[in-house]
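Note sheet for the following structure.
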There are 2 protein chains.
Amino acid sequence: MKKQATTVEAAVSGLRGRIVEHGASLSPQQRVIADYLLAHLEEAPFLSILEVSERTGASEATVVRFAQRIGYKGYAGLKMALVEALREERGSGRRTTASAATQAPLAAVARLAQHNIEATLASVDGSEFEAVAQQLAGADHLFTFGLGISAHLADLAAYLFTEHGLRVNSLTTRYTSPREQLVALRPGDAVLAFSLPPYSRETLEVLREARERGATTVVVTDRATAPAVSLVDHALTVSCQGMTFTSTTAAIDVVLNALVMAIGAHHREEALEAISRINQILEGDSSLVD
Amino acid sequence: MKKQATTVEAAVSGLRGRIVEHGASLSPQQRVIADYLLAHLEEAPFLSILEVSERTGASEATVVRFAQRIGYKGYAGLKMALVEALREERGSGRRTTASAATQAPLAAVARLAQHNIEATLASVDGSEFEAVAQQLAGADHLFTFGLGISAHLADLAAYLFTEHGLRVNSLTTRYTSPREQLVALRPGDAVLAFSLPPYSRETLEVLREARERGATTVVVTDRATAPAVSLVDHALTVSCQGMTFTSTTAAIDVVLNALVMAIGAHHREEALEAISRINQILEGDSSLVD
DNA sequence: TATTTAATGAAAGTTTTCATTCATTGGCGC
DNA sequence: GCGCCAATGAATGAAAACTTTCATTAAATA
């Protein structure tokens, strides 16, 4: 396949190249090994066969066969290649020329997202979060709403909540105005709106009307002084810095997923199970390659 | 001797500290070994006794005695220490304190997202990322595609790219099958697919067909051995651990936004400007309330 | 269903690596 | 000169790492 496109790639990072190249012919178990190694490139050069087999659940023999299948003489050969790669990388040091410029966007956005997630974690009020989860879980029917990038968040929220058994609709602007769709709204329902800059008047109107009709209103926004906050029953303030020149909604994604999990916490065990599995992953030991 | 002076030093770079400490009692040969190792700290963790003895002219026994003399259990102990030091140095980006060991869903999901973003940043291949940006920017027309949660990503991608002046369509399953919509596809176009577990056959078929029609194909997936990888021109592998029991796509959100930024890098200045503003935010000056 | 093929782990075999023992060398004081 | 001792390397032993073989099981094919 595409020699022209992959030559550089293959030369630079041999392991990844070979895995992709022979990817189709790898057995399931070998795939697990491949993924583990790629996900732990930092550690890989130091791991012995035994360690790899323990962490991936495959037998030592399978590890060797994997190395041979992707073209190395054996595991020893693979390891030597990894060591070489590591040496090269260190040797070249911070001399990253062109790749610095290209790598830069990824690094910058990543750090921005990390920052926002961290800030959100620090600032979201626990009891408010809990209250929102309660309200959404208890609602008869849930409507989500947003404009611009927030529309995607609204759709995403609807998708996630639906998967967890809630009755949800995302208010769209496809056929009729969102406000018209609110005729179906009744007391006992809830509306979850997303309001990020540039704030739109329409969102405020939807929230106002929803409230008049007796529904519980919740807004996810980026600052406590956002216009929507004073109109709703509950507001979750998420850190969304940098949204004027990029659109990373990573922090909101996190909040949304956490809400889903909290709601699913009806089946407490399930939620706790999820949390413990997350912790396992974070502990480092992805023996479970998930 | 000066415990106070050497504690930090010894703790940080054990080898150098120990050598200095026991320097007086080292034999001539051992001194050669010490000098060699210190001069080749990069290599040291990977050298076997035999290699060290060959390069220094000392016998293997002397190498072992050297390690013991400076306080290690044996050469194995010395090597382990070197490996640890190297690992530490590389993994210096480890800020995530286990402080938030909370049982709260929000904390757990946040940390998972952080982890995935970090892992993605470490593993995404720079040249591949660059290549993808090039291809997408240069495409005549762009189609995005995904099923399940990936459908949202496809829509989001279409939205983001559209905002930056590209001609994009998200292939939906709304009216006709995605493959039917490919009749409009021509050489020079590009297809950007998202393929996350559970992988669907349909996605593979779309990619296959797109390629047959001469379009450039790109897939964003969660592992290098995912079935789609072998079918496309370019693959971006993003860390998405924990997706079996939650749906945080934060890392993909980051990659997507970075791509947008890289594409906009035609207008280099604009991209650099964005990066510098991100850095300002991270520097802590949220003076600009953005 | 019968047959073949591929995948896999247990276990045996091989090589490499590490540690110890022991004999030799060379310096140094008596 | 003689004995003592640290230093050293060769040889040996022990352990770990790596590879192969082989029997079993699961999957694919006829």
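A quick note: this is a predicted structure, and the numbers were derived from the prediction, not measured. Naming: A, B, ... by sequence-line order, numbering from 1 per chain.
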### Query
Counting any heavy atom closer than 4.0 Å, what does A61(A) reach on the DNA or RNA strands: base, sugar-phosphate only, or nothing?
base
If you restrict it to nitrogen or oxygen atoms, what contacts under 3.5 Å exist between nucleotides 23-26 of chain D and the protein, and what is each distance?
none

### Task
Determine which pairs satisfy salt bridge (charged side-chain N to carboxylate O under 4.0 Å, His left out) with at least one residue from residues 179-207 of chain B, sequence neighbours left out, and list them in order.
R179(B)-E205(B), R179(B)-E209(B), R201(B)-E205(B)
### Task
List for me each residue that meets side-chain contact (heavy atoms from CB on, under 4.5 Å) alongside R31(B), sequence neighbours excluded, and say none if there are none.
L26(B)
### Query
ring pair (Phe, Tyr, Trp, His ring centres under 6.0 Å): which pairs involve residues 45-84 of chain B, sequence neighbours left out?
F46(A)-F46(B)
### Task
Would you tell me if any nitrogen or oxygen in the side chain of S59(A) comes within less than 4.0 Å of OP1 or OP2 on dG9(C)?
yes
### Query
Would one find a side-chain N or O of Q29(A) under 4.0 angstrom from OP1 or OP2 of dT8(C)?
yes
### Summary
When rounded to whole Å, the CZ to P distance for the pair F46(A) and dC18(D) reads 14 Å
### Message
What's the separation between atom CG in L256(A) and atom OG1 in T248(B), rounded to the nearest 0.5 Å?
### Response
11.0 Å
### Task
Find the distance L78(B):CG to dA19(C):P and express it as a whole number of Å.
10 Å
### Task
Can you sort out the partners of H22(A) under ring-ring contact (aromatic ring centres under 6.0 Å, His included), two or more places apart, ordered by chain and number?
none
### Query
Is T62(A) near enough to dA7(C) that one of its side-chain N or O atoms lies under 4.0 angstrom from OP1 or OP2?
no
### Query
If you look only at pairs with a residue in residues 45-57 of chain B, which of them pass as a salt bridge (charged side-chain N to carboxylate O under 4.0 Å, His left out), with sequence neighbours excluded?
E43(B)-R55(B)
### Message
If I take atom CD1 in residue I33(A) and atom P in nucleotide dA7(C), what distance separates them, rounded to the nearest angstrom?
### Response
13 Å
Table of protein N/O atoms under 3.5 Å from nucleotides 15-17 of chain D N/O atoms:
none

### Message
Once ring pair (Phe, Tyr, Trp, His ring centres under 6.0 Å) is applied, what residue pairs with a partner in residues 197-218 of chain B remain, sequence neighbours excluded?
### Response
none
### Task
For A61(A), check side-chain contact (heavy atoms from CB on, under 4.5 Å) against everything at least two apart and list the hits.
S59(A), R65(A)
#### Entry: Heavy-atom side-chain proximity of F194(B) to L236(B) below 4.5 angstrom
no
### Message
Under the rule for side-chain contact (heavy atoms from CB on, under 4.5 Å), what residues qualify as partners of A158(B), not counting sequence neighbours?
### Response
T144(B), V168(B), S170(B)
### Query
Listed by chain and number, what are the ring-ring contact (aromatic ring centres under 6.0 Å, His included) partners of Y36(B), not counting sequence neighbours?
H40(B)
### DNA chain D contacts made by residues 64-73 of chain B, counting heavy atoms under 4.0 Å
R65(B), R69(B)
### Message
Could you tell me how far apart E60(B) (CD) and dT21(C) (P) are, to the nearest whole angstrom?
### Response
17 Å
### Query
With a 4.0 Å cut-off on heavy atoms, is G57(B) in touch with a base, just the backbone sugar-phosphate, or nothing at all?
sugar-phosphate
